[in-house]
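Atom set for the values below is all heavy atoms of this structure, side chains included, hydrogens, waters and symmetry mates excluded. By convention in this document, chain letters (A, B, ...) are assigned in the order of the sequence lines, proteins followed by strands, and residues within each chain are numbered from 1. These numbers were taken from a predicted model, which means no experiment stands behind them.
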Amino acid sequence: MPRNMTKAAIAEAFRRWHAANPEPTTELEYGSPFQLLVAVVLSAQATDKGVNIATRKLFPAAPTPEAMASLGEAGIAEYIKTIGLYRTKAKNVAMLCRQLLERHGGEVPDDRESLEALPGVGRKTANVVLNTIFRQPTMAVDTHIFRVSNRMGLAPGKDVVAVEKALLRRVPKEYLLDAHHWLILHGRYVCVARSPKCAGCLVYDLCEASDKTV
DNA sequence: ATCCCGAGGG
DNA sequence: CCCTCTGGAT
């Protein structure tokens, strides 16, 4: 069980992440809000790198909800077979495209209700879309952010919703819009699940983890 | 709580 | 081999 980081330590951590990377963005590749939405749905329990490899062919072949809907479930599956959970994802994306066309004029809705009503879209995906496309101060708690928040003592919680609320409470307002991306990148490249790379961690001295490796 | 499920790393 | 990767639906 990690101790909680102090308010001052948290502020200093975000100052450093900001200084090192002033405008962090997702590593998912996309050319429109629709494509970001699909990419995030595909990224469940999969790496961004793997998703990008698939979408580099999928998106040119079907750039819009109309085109992707007409590809159909089986057509979509052909492009994403290299991604885990691909059958479920192909089904969800095909249905998601139809719903976008029928209920939202082919546009990505900008409210949580409508987003979470889409197949394959839950709280985490809705939060990513609201933050990345519509620049709302949401915190999407994925596997990385859940781990990092608990391990560092940044915003501990027993489930993802608890961690989300803790982050919204504890992250300084001026960093809230970009905090999501800094935490993801930190979790992906430094504070990794197995044997975290504490040597060379930007916030090592601020971290309350009980299992630091240096 | 369980299922879905391929690729890459250690 | 086992673990992990920007989860969601049942």
5' to 3' contact window, DNA chain B with chain A (heavy-atom distance under 4.0 Å): B/dC4 to B/dG9
Taking only residues two or more places apart in sequence, or in another chain, which ones meet A/Glu66 in a salt bridge (charged side-chain N to carboxylate O under 4.0 Å, His left out)? none
With sequence neighbours left out, the residues meeting ring-ring contact (aromatic ring centres under 6.0 Å, His included) with A/His180 are none
Spacing of the P atoms in C/dT10 and B/dC5 (rounded, Å): 15 Å
Just checking A/Ile83: base, sugar-phosphate only, or nothing, at a heavy-atom cut-off of under 4.0 Å? sugar-phosphate
With sequence neighbours left out, what residues match A/Thr88 under side chain to side chain contact (heavy atoms under 4.5 Å, CB included)? A/Asn92
Run the side-chain hydrogen bond (donor to acceptor under 3.5 Å, both in side chains) test against A/Arg135 and tell me which residues pass, sequence neighbours left out. A/Asp178
Using heavy atoms to find the nearest nucleotide of DNA chain B for A/Gly84 and A/Ile53 separately, return the residue whose nucleotide is more 5′. A/Gly84
Excluding sequence neighbours, so at least two apart, what forms side chain to side chain contact (heavy atoms under 4.5 Å, CB included) with A/Cys97? A/Phe34, A/Met68, A/Ala69, A/Val93
Contacts of A/Arg98 that satisfy salt bridge (charged side-chain N to carboxylate O under 4.0 Å, His left out) - sequence neighbours left out: none
With sugar-phosphate meaning primed atoms plus P, OP1 and OP2, does A/Ser195 contact a base, only sugar-phosphate, or nothing at under 4.0 Å between heavy atoms? nothing
Strand contacts (DNA chain C) in residues 32-43 of chain A, 4.0 angstrom heavy-atom criterion: A/Ser43
Listing request: all salt bridge (charged side-chain N to carboxylate O under 4.0 Å, His left out) pairs with a residue in residues 23-32 of chain A, at least two apart in sequence or in separate chains. A/Glu27-A/Arg188, A/Glu29-A/Arg56
Under 4.0 Å, heavy atoms only, any strand: does A/Arg87 hit a base, just the sugar-phosphate, or nothing? sugar-phosphate
A/Asp205: side chain to side chain contact (heavy atoms under 4.5 Å, CB included) partners, not counting sequence neighbours: A/Arg16
Using a strict heavy-atom distance below 4.0 Å, which residues from residues 73-82 of chain A are in contact with DNA chain B? A/Lys81, A/Thr82
Listed partners of A/Glu107 passing salt bridge (charged side-chain N to carboxylate O under 4.0 Å, His left out), at least two apart: none
Classify the angle between the aromatic ring planes of A/Tyr175 and A/Phe14 as parallel (below 30°), tilted (30 to 60°) or perpendicular (above 60°). parallel
